[in-house]
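Notes for the one structure printed next.
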Amino acid sequence: MIKITLPDGAVREYEKGVSALGVAKSISEGLARKVLAASINGQVWDATRPIEEDASLKLLTWDDGDGKSTFWHSSAHLMAEAVETAFPGVKFWVGPAIDKGFYYDMDLGDRKLTEEDLVVLEKKMNELAKQSNPYIRKSISKADALQYFVEKSDEYKLDLLQNLEDGTITFYTQGGFTDLCRGPHIPNTGFIKAIKLTSIAGAYWKGDEKNKQLTRVYGVTFPNQKELDEYLLMLEEAKKRDHRKLGKELGIYTMSDDVGQGLPLWMPNGTIIIEELERLAKTTETAAGYKRVVTPHIAKENLYLTSGHLPYYADSMFPPMEMDGEKYYLRAMNCPHHHKIFDAEPKSYKDLPYRIAEYGTCYRYEQSGELFGLMRVRCLHMNDAHIYCNREQFFSEFKAVNDLYIKYFKIFGVEKYVMRLSLHNPEKLGKKYVNEPELWKETEDMVRKVLVETGTPFIEVQDEAAFYGPKIDVQIWSAIGREFTLATNQVDFAQPRSFKLSFTNKNNEPEIPLIIHRAPLGTHERFIGFLLEHYAGKFPTWLAPIQVKVLPISDKFLDYAKEVEMALLQQGIRVEIDDKKKKIGKKIRDTELMKIPYMLIVGEKEVNEKVVSVRRQGKGDTGSFAVTEWIAQIKQEIENRQSID
RNA sequence: GCCUUUGUAGCUCAGUGGUAGAGCACUUCCUUGGUAAGGAAGAGGUCGUGAGUUCGAUUCUCAUCAACGGCUCCA
């Protein structure tokens, strides 16, 4: 007998060799039907695998993350079986579960998969799933495994096998399909009730662009049709929030083939948002002791040789323009220009921290396939600033920048974010990172200290630093689940040296400053792209391109509507009149769809009583107000930068 | 940059080897209305661009540009 400890602490005795499924059955049949896998001493196991020793056990169902992963990984095997039936001779690489679903990479030889094939494969998968074939685990010696795949002449699995230790190798078989796999898997294919193969894509073998490209098929499966339907509905909803769709509908930005790829043109509505964001940044930064500067968008080659950017990032910069025997580059970053401003006048320790800010325009030659709406572009406007300080000032300066992030996130209602401490990789010193091992260690410790002492939650990642120093990247998720780096806060010990920047310290000696590069609001492009999805286009009043629309019931009331408009305009409120000869219902609908925060409806009653009937976007009629009274209210809302209630 | 798919009116999309259609939007007219779509008429397209096949190409073929979904990349 062995002792099994359940999550609630209860200990039960079972025959040696009992499976998690057996344990579940002893508790209830209903539970057993839901068990997908089990966590045995913290390791995820097949629910059917015999347990030989005392163990703590947690049954995993669809409600557990590990349960879902097991389900999806098993679905990948099911898909592979269907593919092998349809395309004999196919070779498989790996088929993991992902965030939402699974994929399998495969080499189909000269065959090409089409959308129609996916439908056929789905059908086949459904057929195979209905057979409720068990996933059977089998330990196998390395020699036997090698022989199996040599006979299959499957170079991909042979490659996987090379890195596996004899004695740890397992095969899984379901129906007619056998795969090299660590597992675990769900008990049988019958659990998979709803299947959707979502897309076909190319993926480099082992993720290396020099390698052959394999065919990757993505799919997602569920234990019932209802969840699949809900998932597909959710995807539809997400499409409606896509910043590219909203950006077009709301007149925020446009792209033109004649201008070029990845070069957004900001339309009047988008420009208003840009200006409001800049106003926020300027107010905040001025209060925090920053000074503003303006610098050119181009510079001579030598500047980027000095900064050290060219050797590292030439590929990501637009090719140079030649003039009078000089090469000029469009800038991909603002820092070198700012360093020249720091260096323009001698500095003493009394001038530090020296903080200069600019919404700097940068140009980056991103590969064409990497461009994505406003999120990845070739012309960007960065909420940039550089802080030149000494080591004693570093802690409070770096902390102040972090506090700034939090302040902004509060204003915009950003709740889900992760601070990522990006460190260098000692093996790449001199290649990807400047070769200063001591300084790397020192600055990485300094940054970590700020995060730890301020109690900021963060994760550490290796090999993600800037070439000149460690950084904190802020990862955020848009409302539709898109993850990206929004903001960045970086330490730089390399450029001050290469630019020979210095200040005179208290002992009248020259000293090299540290530089903090920071961009809490990221770039206009990415930030507004994020905000569009975050708010689903329903901007808070202070950001809304048009804040108020005056809707006269008929054009008999146009004069009064203009009076109201004028009163609002004089208070700096962005207002328009809908003077179309349409019924009020139509005007309301149009305005609702444009997601304008407030509608002021004026008709006979309002003219007589000198009031406006106020309708809040998405909320309906909120009653009548005297014009001046209502203006005071909305002005308050705008000044406080209130978010939507 | 690589792989899949796509490109027809401002938008969303039909359609065809014999030089194009719907709905919405737009313009004009009728209607002067009370909280999410009133009615009628009109205007609008070298069918992404270039070449080839053909008596004839928006349709078939090739090239090219761009976009979607992925991979790689992301200072």
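Just the heavy atoms: all of them, side chains too, but no hydrogens, waters or symmetry mates, feed the values below. So that the names make sense, note that chain A is the first sequence line, chain B the second, and so on, each numbered from 1.
Side-chain proximity of A:D257 to the nucleotides B:C71, B:A66, B:G69 is greatest for B:A66. Proximity note for A:L593 (side chain, C-beta onward) versus B:A36, B:C71, B:C74: the nearest is B:A36. When distances are taken from the side chain of A:K471 to each of B:A75, B:C74, B:G69, the shortest belongs to B:A75. Counting only heavy atoms from C-beta on, A:K248 has its side chain closest to B:C11 among B:C11, B:A66, B:A75. For A:S613, whose side chain is taken as the heavy atoms from C-beta onward, the closest listed nucleotide among B:U35, B:C74, B:A75 is B:U35. The side chain of A:R615 lies closest to B:U35, out of B:U35, B:A37, B:A66. Comparing atom distances between the A:Q490 side chain and each of B:C73, B:A75, B:G69 picks out B:A75 as nearest. Distances were taken from every side-chain heavy atom of A:M333 (C-beta onward) to each of B:G1, B:G33, B:A75; the shortest belongs to B:A75. Comparing B:G33, B:G38, B:G34 by their closest approach to the side chain of A:S554 singles out B:G33.
For the pairing with A:D242, the salt bridge (charged side-chain N to carboxylate O under 4.0 Å, His left out) check across A:K245, A:R244, A:K239 returns one residue only, A:R244. The salt bridge (charged side-chain N to carboxylate O under 4.0 Å, His left out) test with A:E533 singles out one residue from A:R482, A:K538, A:R241, A:K240, and that residue is A:R482.
Across all their heavy atoms, A:M79 and A:L197 have their closest contact at SD-CD2, 3.5 Å. Nearest heavy atom pair, residue A:G101 against residue A:V220, reads CA-CG2, 3.8 Å.
For the pair A:R615 and A:Y598, the cation-pi test (distance below 6.0 Å, angle within 45°) is failed.
A straight line from CZ of A:F557 to P of B:G33 spans 7 Å, rounded to a whole angstrom. If you measure from atom CG of A:L265 to atom P of B:A66, you get 15 Å, rounded to the nearest angstrom. Distance A:R378 CZ to B:C73 C1': 13 Å, rounded to the nearest Å. Straight-line distance from the OH atom of A:Y104 to the C1' atom of B:U4: 21 Å, rounded to whole Å. At whole-Å resolution of the value, NZ in A:K587 and P in B:A36 are 15 Å apart. Between A:E366 atom CD and B:U72 atom P there is a gap of 16 Å when expressed in whole angstrom units. We find that CD1 of A:I200 is positioned 11 Å from P of B:U6, with the value rounded to whole Å. As rounded to whole Å, 13 Å separates atom C1' of B:A75 from atom CD of A:E370.
The same atom, C1', is picked in B:G44 and in B:C2; the two are 40 Å apart, to the nearest Å. A distance of about 32 Å separates the P atoms of B:C3 and B:G10, rounded to the whole Å. Between B:C55 and B:G69, the distance separating the two C1' atoms is 42 Å to the nearest Å. B:G23 and B:U8 have their C1' atoms separated by 15 Å, given to the nearest Å. When the C1' atom is used for both B:U72 and B:U4, the distance is 16 Å, rounded to whole Å. Taking atom P in both B:C65 and B:G42, one finds a spacing of 43 Å when rounded to whole Å.
Here CD1 of A:I200 is found 9.5 Å from CE of A:M106. Values are rounded to the nearest 0.5 Å.
Between A:M317 and A:Y218, it is A:Y218 whose nearest contact on RNA chain B lies nearer the 5' terminus. Summary of the strand contacts: A:C335 and A:K556 both lie near RNA chain B, and taking for each the nucleotide with the nearest heavy atom, the more 5' one is attributed to A:K556.
Under the Watson-Crick and G-U wobble criteria, each requiring two contacts below 3.5 Å, nucleotide B:U27 is paired to B:A41. Pairing for B:C73 is absent, with no Watson-Crick or G-U wobble pair whose two atom distances lie under 3.5 Å. Here B:G7 sits opposite B:C65 as a Watson-Crick or G-U wobble pair (both hydrogen-bonding atom distances under 3.5 Å). Base pairing of B:C47: no nucleotide in any strand meets the Watson-Crick or G-U wobble criterion (both distances under 3.5 Å). B:G17 makes up no base pair with any nucleotide shown, lacking Watson-Crick or G-U wobble contacts both under 3.5 Å. Using N1 to N3 plus N6-O4 or O6-N4 for Watson-Crick, or N1-O2 and O6-N3 for G-U wobble, each under 3.5 Å, B:C60 pairs with B:G52.
Evaluation of atom-type donor-acceptor distances gives no pair under 3.5 Å for the side chain of A:Y204 against the base of B:G70. Residue side chain A:E604 does not reach the base of B:G33 through any donor-acceptor N/O pair under 3.5 Å, judged by distance alone. Looking at A:Q213, its side chain comes within 3.5 Å of the base of B:C2 through a donor and an acceptor atom. Remark: the A:R244 side chain and the B:C68 base include no donor-acceptor N/O pair separated by less than 3.5 Å.
For an aromatic pair to be called close, the ring centres must be under 6.0 Å apart, and A:Y468 with A:H517 satisfies this.
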